[in-house]
Amino acid sequence: MKPASKPASTKSSTRRKTSQHVNRRNVWLIVATALLVLGSVFMFTPPQEKINQGLDIQGGLSVVLTAKGDDGATVSAEDMEKSRAVIESRVNSLGASEATVALQGSDQILVQIPGLSDTEDALATIGKTGKLEFARLDSFTDETVKNKIDTGGYIQQQSVTDSLGNQFPTGEEELTLHVDEGTYTPIVTGDDIERVTVGQASEAATDYAVNLKLNSEGAAAFAQATKDLAPTNGKIVIILDGVVQSAPAVQGEIPNGDVSITGGYTLDEAKALQTVLESGSLPVSFEFAQSQTVGPTLGQDALASGVVVAGIGLALVMLYLLLFYHGLGLITAAAMAVFAALYLGILATLSHFGLFSLSLAGIAGIVLTIGMAADSSILTLERFREEIRMGRSVRAASITGVRHGILTSIDADLVTLVSALTLFFLASASVKGFGLTLALGILCDIVMMLLFKAPIIRLLAPRAIAKHPGFWGIKDSQEAVPYYEEGKEVEAGKKLRGRFIKRDFDILGLRKYFLTAAAVVVVAIAVIVGVRGINFGIEFVGGTSIAFHNTGDVTIEQVRDAFADAGEPDAVIQTTTSDGEEGFLARTASTSAEDATAVANDVADTFGWGTDGFEVTTIGPDWGTSVVKSSILAFLVSLALIIAYISIRFRDYKMGVTAVVALLHDLVIVFGVYALLGHEVTPNTIAALLTILGYSLYDTVVVFHRINENMKAENVKCTFMTMANHSVNEVLIRSLNTSITSLIPVVAMLLFGGETLKDFALAMTIGLITGCYSSIAIATPLYAIWKTREDKFAKLSKKYGPEVQRFFLNKLPAGKAAVAGAGNVASVEEASVAAGDAAVASGKPATSSGAAASKTGKAPSSKKKTNHKRRDINHG
């Protein structure tokens, strides 16, 4: 016996209940999104107060200190922690608020002091080892050193030389005598100090003294030494960090441990020495690996330009989407507004817990995520329109199309996330903020798609979008249904209108030209780089960069003379323009942070420039090596993870290999342009190159995804090359639109951003253009050539010939069938109509998402026929 079928009324009731359940779920998702947006707005309003600003925005001092063990020995974790505590004590004594002193790696300490104005004194205080020693002059074993100290030769009078070669004393003195440990016997050390105070050297003196109170053990040793030396007025030498400070003669015994250090100190110099002595000596010596001084005005100007760039990029992307997708562009604009609110809310929340500070590199990451958010929307919209074109109802397309679009978007997002996380965990500190903001943007994009974009389209599709197809931008897809779905021929002299490709471009037919051109360009770039070399920034080679902004009418010759007067006659000076203001960039070989800051202050004083109008970056000789190592490591790890992801995702290592070849092509092009233009390669450039990995792979993943789906069937009746060419054409509009929307904010960054943002923007602009090109003209041809040599596809080439056939309206010309059954599915049946036309059961896997339905294949018979067909369309 057959079970009794349900009455039509029961089926209709079930359909209505399911539809109501789906709508209710979508409504609740929209409500949840609204609550999240309101909470985010509350968290980030006002943003200038709720989102922490990094040091490079609000100005201040950033220093990286590298520990140096004795004879190259490894510094212990205990000594590093002791050093961090000592340096933190010194920083706090400077009166700095919200300062950061943190261990970085195994042998470095990062010091960041926002809002600091007197950076020169801070540098002189922070890095000093602080090893104070008192030694009898007669204990020195080197007679030459002993004689210099006895005659005052440890002090050198400073002088300047005029244009005629005449020298004139400046009245300033410099301590120049270094003494080696072990060549003298200390009486007492800094460990014996109980208290340090500052006072005038005498009642009538204008200089200051640093007064010490020794503990009982130190007082006894000092009393005995002064008792022995007093009769002959012998000298006690005061040594700080291996440099002789003074050598006063002993006039009488000092029995109570009260010692006064004099040496013509100013009040600031005496207080700096007091800070060093009070905090104790560092257990190991340190040298400046990197030092950066940023004026607060400069930082705020950079922030302002970053905000302007982000606003311009967002507005242009929205305008483009509105023009191309009409009403669907409005949904995308709303989705991007939701994305922006969630994004700022997360940044504000992390700032609240002290886990985030916005840097200039972070601003660049934010600008790039604008393009990424638009990419995801384009994938969804193009998929939605495509499924309508293939015969689905608007309602069904809103379910399956959105789902497949989101899945493809997540594939692309995950590839970019690999690069972002690699940057955050492995790259140098200067680009960690970039990697973090990029990763957060990707996560916000995925949440926005699931909570807002998908539900809003599904709610609007059955009524608003279906009733007004012209306004919502789907009318051209609906008008194309008879030609795609039913095989209707286009009348002679008539054009089928619509924003989609009708006849395939012969892209792979030109593969030899594309690959030859790529080879020629790579060889030419190798020659250019070999001849001109690559201009690496000081971050890689060491030295100092001083950037002056808003310099007025001062000439480059005047600046060069000012540097010569300040002791840097070999400084390389060039003019710059930042935010429309003229300035100068000076480079010197000096790696001393103190000396570089002093020179910058001297030059600024010469022309009356404010101390907040310049930026000083000093890189030690070892810093560049660590930057290169971390960058190479991040690159190799990104490459390995990307190949692994593609190979696992598509189960074909050939895809991973050819994708990497296309990536290397893109990176070579970027380096070639930098060499040709003479632009500096900085850590920001490296960050952009690593980001290009994800963006370049984005288009490649989309194309490979479609090829993979189209070639699944066993009954393919065209060559692999032909189907690969058709797959590229199917996703061409999608690839171009995603590249354009990613390029818009990057170009805005290049045109309107500050100097730091432009470092990212130049590399990203080149990378996005070459990435889109290489996915279509390099990765796909190489993959198709490789696959064609497999036995299965080699037989198809022999059978159908080497010529690349071009599909027209997703069908091959008469007599050149693309696939047996030529449909997206060999047999289909209606399933779960009550679920909103969402579920479709297909018999065989798809072969071409664009092929027309088979004229011979029939669906399984059913007693109840439906009034319209459904197609299961594979996504790419």
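Worth knowing before you read on, the calculation uses all heavy atoms, side chains too, and leaves out hydrogens, waters and symmetry mates.
- Atom CE of Met80 sits about 12.0 Å away from atom OG1 of Thr74, to the nearest 0.5 Å.
- Here the side chains of Leu103 and Ile109 are in contact, with some heavy-atom distance below 4.5 Å.
- Without hydrogens or angle criteria, Ser351 side chain to Ile51 main chain gives no donor-acceptor distance under 3.5 Å.
- Using modelled atom types, no side-chain atom of Asp192 and backbone atom of Leu214 make a donor-acceptor pair closer than 3.5 Å.
- The side-chain contact (heavy atoms from CB on, under 4.5 Å) test with Leu132 singles out one residue from Leu212, Val188, Asp191, and that residue is Leu212.
- Within the 4.5 Å cutoff, side-chain heavy atoms of Val179 are placed close to those of Val244.
- In this structure, CD on Gln558 lies 5.5 Å from CZ on Phe607, to the nearest 0.5 angstrom.
- Side-chain contact between Val259 and Phe134 is present, with at least one heavy-atom pair separated by less than 4.5 Å.
- When all heavy atoms of Ala566 and Val599 are compared, the closest pair comes out as O-CG2, 3.8 Å.
- Side chain to side chain, Thr618 and Thr544 meet the donor-acceptor criterion of an N or O pair below 3.5 Å.
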message = I'd like to know whether Arg136 forms a side chain to side chain contact (heavy atoms under 4.5 Å, CB included) with Thr185, so could you lay out the CA-CA distance, the side-chain angles of the two residues, the decisive distance to 0.1 Å, and finally the verdict.
response = CA-CA 7 Å; Arg136 293 171 55 148; Thr185 303; over 6 Å; no
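- For the atom pair Asp79 CG and Glu81 CD, the distance stands at 11.0 Å (nearest 0.5 Å).
- Of the inter-residue distances, the one linking Leu350 atom CG with Leu436 atom CG reads 7.0 Å to the nearest 0.5 angstrom.
- Proximity of a side-chain donor or acceptor of Asn233 to a complementary backbone N or O of Gln251 within less than 3.5 Å is not detected.
- Separation of atoms CD (Gln245) and CD1 (Ile238) is listed at 8.0 Å; rounding is to 0.5 Å.
- Under the 30°/60° scheme for interplanar angles, the aromatic rings of Phe548 and Phe563 are found to stand perpendicular.
- Taking each heavy atom of Gly257 and Ala219 in turn, the nearest pair found is CA-CB, 3.6 Å.
- Gln224 CD to Leu229 CG: the interatomic distance, rounded to the nearest 0.5 Å, is 10.0 Å.
- With no hydrogens or angles considered, no side-chain donor-acceptor pair links Asn147 and Glu143 at under 3.5 Å.
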ask   = Yes or no on side chain to side chain contact (heavy atoms under 4.5 Å, CB included) for Ile236 and Phe222, after CA distance, side-chain angles and deciding distance?
value = CA-CA 10 Å; Ile236 290 182; Phe222 203 78; 3.9 Å; yes
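- For Glu217, the CD atom counts as loosely surrounded, since its 6.0 Å shell holds 12 or fewer non-hydrogen atoms of other residues, nucleotides or ligands.
- Residues Leu61 and Val111 are not in side-chain contact: their nearest non-hydrogen atoms beyond the backbone lie 4.5 Å or more apart.
- Taking 4.5 Å as the limit, some side-chain heavy atom of Val681 sits within range of a side-chain heavy atom of Phe536.
- What you find for Ala223 and Glu253 is that their closest heavy atoms are O-CG, 3.8 Å.
- Of all heavy-atom pairs between His178 and Val243, the closest is CE1-CG2, 3.4 Å.
- A heavy-atom distance below 4.5 Å is not found between the side chains of Val145 and Thr183.
- With hydrogens and angles ignored, the 3.5 Å screen pairs a side-chain donor or acceptor of Lys235 with a backbone N or O of Asp150.
- At distances below 3.5 Å, not a single donor-acceptor pair connects side-chain atoms of Glu194 with backbone N or O atoms of Lys213.
- With hydrogens and angles left out, the side-chain atoms of Gln108 and Thr66 include a donor and acceptor closer than 3.5 Å.
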key: CA sep, side-chain torsions, deciding dist, call: Val603, Glu568, side chain to side chain contact (heavy atoms under 4.5 Å, CB included)   = CA-CA 10 Å; Val603 174; Glu568 288 289 352; over 6 Å; no
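- Using a 4.5 Å cut-off on side-chain heavy atoms (C-beta onward), Leu137 and Lys146 make contact.
- For the pair Val196/Val210, a side-chain contact is recorded, criterion being any heavy-atom separation below 4.5 Å from C-beta on.
- Shortest non-hydrogen contact noted between Val554 and Phe584 is O-CZ, 3.2 Å.
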inquiry  = Let's go through Asp595 and Thr588 carefully: what are the C-alpha distance in whole Å and the side-chain angles of both, what is the deciding distance for side chain to side chain contact (heavy atoms under 4.5 Å, CB included) to 0.1 Å, and is it a yes or a no?
reply    = CA-CA 11 Å; Asp595 293 346; Thr588 70; over 6 Å; no
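- In terms of modelled atom types and a separation under 3.5 Å, the side chain of Thr226 and the main chain of Ile254 share a donor-acceptor contact.
- Heavy-atom minimum distance, Val284 versus Ala67: CG2-CB, 4.0 Å.
- Although no hydrogens or angles enter the test, the distance criterion places a donor-acceptor pair under 3.5 Å between the side chain of Tyr154 and the main chain of Ala247.
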